[in-house]
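The structure appears right after this line, and notes come after that.
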Protein chains: 2
Amino acid sequence: MPRRIKSNMIKLITLSSIVAVAAIGSGLITYKLHSVPKKPELNLQKWWGIGEKPKEEDTSIKIFNIDFNDTMIHDLKQRLKNHRPFTKSLEGIQSEYGINTKYLDKIITYWLDKYDFKKRAELLNRYSHYKTRIQGLDIHFIRETPKARGLKVLPLLLLHGWPSSSKEFDKIIPMLTSKRNKYNFVFEVIAADLPGFGFSEGTNKPGLNPVQIGIIMRNLMKRLGFDKFYLQAGDWGSQCATHMVTMFPDEILGFHTNMPFSSRPVSAVKMLLGSLAPDVAVDSRYVDRIYPLKKLFSYLLKESGYFHIQATKPDTIGVALSDSPAGLAAYIVEKMGVVSNRDQLNTPHGGIENLHLDDVLDTITIVWTNNCIVTSSRIYAEAFAWPEVNIIHNIPTPVPTAAINFKYEVLYQPDWILRDKFPNLVSSNTLDLGGHFAALQTPQVLVDDIFSATAKFLDFNAKKNR
Amino acid sequence: MPRRIKSNMIKLITLSSIVAVAAIGSGLITYKLHSVPKKPELNLQKWWGIGEKPKEEDTSIKIFNIDFNDTMIHDLKQRLKNHRPFTKSLEGIQSEYGINTKYLDKIITYWLDKYDFKKRAELLNRYSHYKTRIQGLDIHFIRETPKARGLKVLPLLLLHGWPSSSKEFDKIIPMLTSKRNKYNFVFEVIAADLPGFGFSEGTNKPGLNPVQIGIIMRNLMKRLGFDKFYLQAGDWGSQCATHMVTMFPDEILGFHTNMPFSSRPVSAVKMLLGSLAPDVAVDSRYVDRIYPLKKLFSYLLKESGYFHIQATKPDTIGVALSDSPAGLAAYIVEKMGVVSNRDQLNTPHGGIENLHLDDVLDTITIVWTNNCIVTSSRIYAEAFAWPEVNIIHNIPTPVPTAAINFKYEVLYQPDWILRDKFPNLVSSNTLDLGGHFAALQTPQVLVDDIFSATAKFLDFNAKKNR
């Protein structure tokens, strides 16, 4: 063979090999990213209570009443009146360094003088509250049956996040249980407090991550006689629910979420790649909810200090927060404000005025009276400490899913990325209003979407079963 | 020209161009990384006090006495006794989720029953304390002249970090002011509280970052009549001092640091590249202080929640910490423990038993009595918000510098990287003991190193001036 041809052939073979290796490599990466792990075998009756699991379990369902008692109120007010002097916000600063203490002062004064503890408890008690023991933990929930007759009644479990409780849903419960034009169904609502949140007992054992909480919530529904049900959730509730629809796809008839998110690695890669062509990756109207990523990361960095400390040292930060009601209020108000309107850090209220102060104080009072800031904050640590969480995150779910994206929700993914996790995304709406606490901030909009999504769930399931 | 030759020439030219562009590119990057920005012009008399700068400034130096008064002690003890029930640590968990509350209980009991407030204040007052107004802020400092005669007296400014104050140096002050074999010099010690820390006033204006604090500290030394002086520092004090030796190289005769760090971008690149060949980058005995980077980042991530929240929302977290002494103690004890021995998270004390409890409680009591957790925490936010900080970080200093690396210091850089910032690194020692609070944990070792380093500073300066 002439030397030149030989040399050219070697070049050709080398080049082809490089191309082939690159192709196989990227193929392998794509395959690896899309490959679905095996569902881990999980103990569905794991014991989270103190001590050993007893031979006979107490499966009773007890009526429960929320009580803001006088001893608690007196002690709380003493502590509030006796709070140490706040450090003044810096000159010209509103909420950019955290809570504005002049504004906080107004909130504390309202909590002390205007917030009507007894009336608020009475309002919370307008629904039927219960407790029952699941896997060793007393779980608190609201159960409201619809007043309307002659309609299909669909069981709907509502799951909240941090620092909330079932209280977050008190505006939407009556809307969900009431007849509505055009729809031949109505909901029976179960709104549960996650273990360690609100009036639900926390565990004394490590490992109660969102997967395990999902199992407890599923077992709660079984206890109440619901072998199949619908789910609505946001924040950590949506994380737990996302695991539930993955673990129990045959038991959940539809999943509506106001914090839709695919945590599959392939979705992260797509979000990164999307930054090369944002207008292709996302509807141009919503590009600025993700891109430029630098802006998103800067926002997340600025606002995730609480997340970082709760994910690493929840027991430390909890000591001060559980001992100082002013400090607990500052911590919760700042966070609830930012996620209700992140563009208002340059105002004294930092976004919190998008919510009703009584709702915010209900939330804080519930955390305070149950002394549950540590047990609820630990979910951040548990969510990152156990491999089962990531494995289940990486398994798509066949359950029909509906996403609603409010304007100031912390994270946003376009549908084509959401479908990595939720291939049966039957509904997706993106709004130019609202924020993270949708049930408090825009209850009517949220409920409208739940009804229309559920109609689609019914269609989807009817077709599937045909 | 025959086509083959032409084609080969084109190939050659193309290849040469690629090589040339790559060479120029990496040359440019290297040049860019090594290029030194111009020193920014800074106002050395910026006013940090309330309102406008007065025409006549008060330049008096007033004697000051530390007082833990009865009202404060009574109120503090009431709050400690009245703390809300701690949440129990999880089963089998020591300090992995943050402070162990059973252990915290012991600390609170000691603070209440055994810690002798009056005696501790008396001990702190064994040194001469003063306050003077610099740029509108009352700055507190200790000034101790040596008892020894017939020796050169060298002025030495000691700068602490968070959550400390000049108290951190109370063990080393007498060692520094006492004659020592083999050395013909001794120190006159000025140990200052950074503004917003300890007994020094905080500002009400944004922007008091480590560069600006460095200016205040330099003006303090000028006020005391020291136009030239030596510096010793750790933690944020070391950051301020690093800026001082960059801004005022002619005024600082030598810089001894127990948290040496070059924040120049070129140093970060070197640390990253070093992970390709750790044994080349670092003395094999100390490789595990940096590499694998994954382990370092995991440690930093786990331990930097407090840093993250203080750098973004200091005003929020400060409300609870300033209102709850138990919460403040938990927060400070956890952090001081980890950096004293990061390998003891699996113990109930989490590392804090490497320090004397009375020293730790002095620190906490000083923060408490001055209600300065917010003003001191704001340094984390200010350090990242102003471009001047990064510019000055990127300028090397000619000041002779000595580094001492204790085992559990948070960050470690080998000398060849330190020299990016400190080309005149005249001394560097790496020890297999000690931690972040060297003056409290290993005072004798620290002082030995300060003396031997200062002898080298004297040599260096003598040669320079010859």
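Everything numeric in this text was worked out from a predicted model, so none of it was measured. Reminder, nothing fancy here: chain letters follow the sequence lines and each chain counts from 1.
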Grab the two heavy atoms, one from B/L321 and one from A/A320, that are nearest each other, plus how far apart they are.
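For B/L321 versus A/A320, the nearest heavy atoms are CD2-CB, 3.7 Å.
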Heavy-atom closest pair, residues B/D323 and A/N82
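So the minimum-distance heavy-atom pair works out to OD1-O, 4.3 Å.
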Hey, is the main chain of [Y] close enough, under 3.5 Å, to the side chain of [X] for a donor-acceptor pair?
X	Y	value
B/T316	A/I99	yes
B/H83	A/V319	no
B/R84	A/W368	yes
A/T87	B/V374	no

Can you list the steps and then say if B/F86 with A/N371 is a side chain to side chain contact (heavy atoms under 4.5 Å, CB included)?
CA-CA 9 Å; B/F86 296 150; A/N371 199 3; over 6 Å; no
[X] [atom1]: over 12 foreign heavy atoms closer than 6.0 Å:
X	atom1	value
A/K88	NZ	no
B/K53	NZ	yes
A/L300	CG	yes

Option that, when pairs with chain A are counted at under 4.5 Å, heavy atom only, ranks first among B/P85, B/P206, B/S89, B/A330
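Of B/P85, B/P206, B/S89, B/A330, B/P206 has the most heavy-atom pairs under 4.5 Å with chain A.
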Just give me the residue among B/I309, B/I50, B/L301 that pairs up with chain A most often, heavy atom to heavy atom, under 4.5 Å.
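Maximum pair count with chain A is reached by B/I309.
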Engaged part of [X] at the chain B interface, taking heavy atoms whose separation is under 4.5 Å:
X	result
A/K302	both
A/L104	side chain
A/A326	both
A/L345	side chain
A/N100	neither
A/Q78	neither
A/Y97	both

Chain B contacts, top residue of A/G92, A/P314, A/G202, A/A381 (heavy-atom pairs, under 4.5 Å)
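Heavy-atom pair counts peak at A/P314.
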So which of A/S95, A/G318, A/P325, A/S304 has the largest heavy-atom pair count under 4.5 angstrom toward chain B?
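The answer is A/S304.
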Side-chain heavy-atom pair A/H308, B/T312 within 4.5 angstrom cut-off
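SC-SC contact between A/H308 and B/T312 ruled out.
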Do the side chains of B/D315 and A/E96 get nearer than 4.5 Å, heavy atoms only?
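Side chain of A/E96 against side chain of B/D315, heavy atoms only: no contact under 4.5 Å found.
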Might you work through the side chain to side chain contact (heavy atoms under 4.5 Å, CB included) test for B/I93 and A/K205, ending with a clear yes or no?
CA-CA 9 Å; B/I93 293 302; A/K205 294 174 170 61; over 6 Å; no
